[in-house]
Amino acid sequence: MAKLRVSYEYTEAEDKSIRLGLFLIVSGILSLFIFGFCWLSPALQDLQATAANCTVLSVQQIGEVFECTFTCGTDCRGTSQYPCVQVYVNNSESNSRALLHSDQHQLLTNPKVPEDVLLQRTHDEIVLLHCFLWPVVAFVVGVLIVVLTICAKSLAVKAEAMKKRKFS
């Protein structure tokens, strides 16, 4: 009995889908590392901070001004100069004087003082979810595309071999 020859070469569409799957796998892994270093470590540090009740001790105008744009309707826009204000609070956790910052960006751009307090967190549990969810989704979709393409090709080859055996 003669051996049947079946083609195992991938078509152009199958080749492209495997390349797409491999690209998604690589981009998922790379983005997981990038998000891990850029977003995850600050978010984890942010989550280690404890909540505290603070009372205002003093408010000082430091003489600097910054430009701010505002809107007050569809046709009303403008720019104004606002003074920089430092707010010192009594931190209930450590019972010490601390400088109040509106967010983490402000905390990082201003000079460090002995103790700082954040009014609101910029990173929370949602950031952690997104740092892991989307890279993992890209990785899993890439793996599924590659596996399903290989399985479809394997089934097509088996079906072709069965068809040739049936007619020979």
Side-chain angles (χ1 to χ4, degrees), residues 1-54 66-71 73-74 77 87 89 91-94 98-168:
M1 190 163 165
K3 280 193 163 186
L4 299 173
R5 290 203 149 251
V6 181
S7 173
Y8 289 103
E9 293 179 12
Y10 287 107
T11 64
E12 186 178 341
E14 291 167 336
D15 189 46
K16 285 182 179 180
S17 68
I18 288 177
R19 287 182 188 182
L20 173 67
L22 292 175
F23 173 76
L24 285 173
I25 291 169
V26 169
S27 64
I29 291 171
L30 284 177
S31 60
L32 189 62
F33 282 116
I34 291 169
F35 286 150
F37 288 120
C38 295
W39 284 94
L40 191 58
S41 55
L44 288 175
Q45 289 173 355
D46 216 14
L47 290 175
Q48 290 174 353
T50 58
N53 291 323
C54 297
F66 64 94
E67 194 172 288
C68 184
T69 57
F70 63 90
T71 58
T74 55
R77 290 190 182 115
V87 178
V89 295
N91 185 352
S92 64
E93 287 290 314
S94 62
L99 181 61
L100 180 66
H101 295 277
S102 64
D103 60 11
Q104 192 167 4
H105 175 70
Q106 191 182 46
L107 178 66
L108 294 173
T109 57
N110 290 328
K112 192 82 171 151
V113 293
E115 188 173 341
D116 293 313
V117 177
L118 287 174
L119 183 60
Q120 63 185 15
R121 290 182 177 169
T122 52
H123 304 294
D124 56 2
E125 291 84 7
I126 299 297
V127 172
L128 296 175
L129 173 73
H130 287 285
C131 281
F132 285 110
L133 177 69
W134 299 115
V136 168
V137 166
F139 178 79
V140 169
V141 168
V143 168
L144 284 173
I145 289 173
V146 170
V147 168
L148 291 175
T149 303
I150 291 171
C151 287
K153 182 62 177 181
S154 173
L155 288 174
V157 166
K158 286 181 182 178
E160 188 180 333
M162 287 174 55
K163 188 176 180 183
K164 283 185 178 181
R165 248 187 253 142
K166 186 177 183 181
F167 291 115
S168 60

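Along the sequence shown, residues carry numbers from 1.
Residues in residues 134-143 take part in these side chain to side chain donor-acceptor pair (under 3.5 Å) pairs, two or more places apart or across chains: His130-Trp134.
Shown here for Val146 and Leu22, the closest heavy-atom pair between the two residues is CG2-N, 3.9 Å. Lys153 approaches Glu9 most closely through the heavy-atom pair NZ-O, 2.7 Å. For the residue pair Asp15 and Tyr10, the shortest heavy atom distance occurs at N-CB, 4.3 Å.
Here the CD1 atom belonging to Ile25 is positioned 8.5 Å from the CD1 atom belonging to Ile145, to the nearest 0.5 angstrom. Separating the CG atom in Leu24 from the CD1 atom in Ile29 is a distance of 11.0 Å, to the nearest 0.5 Å.
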Identify every side-chain donor-acceptor pair in residues 30-38 under 3.5 Å, counting partners at least two apart or on other chains, and give the distances.
unit_1, atom_1, unit_2, atom_2, d
Ser31, OG, Ser27, O, 2.8
Ser31, OG, Gly28, O, 3.1

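Residues meeting the side-chain hydrogen bond (donor to acceptor under 3.5 Å, both in side chains) test with Lys163, sequence neighbours left out: none.
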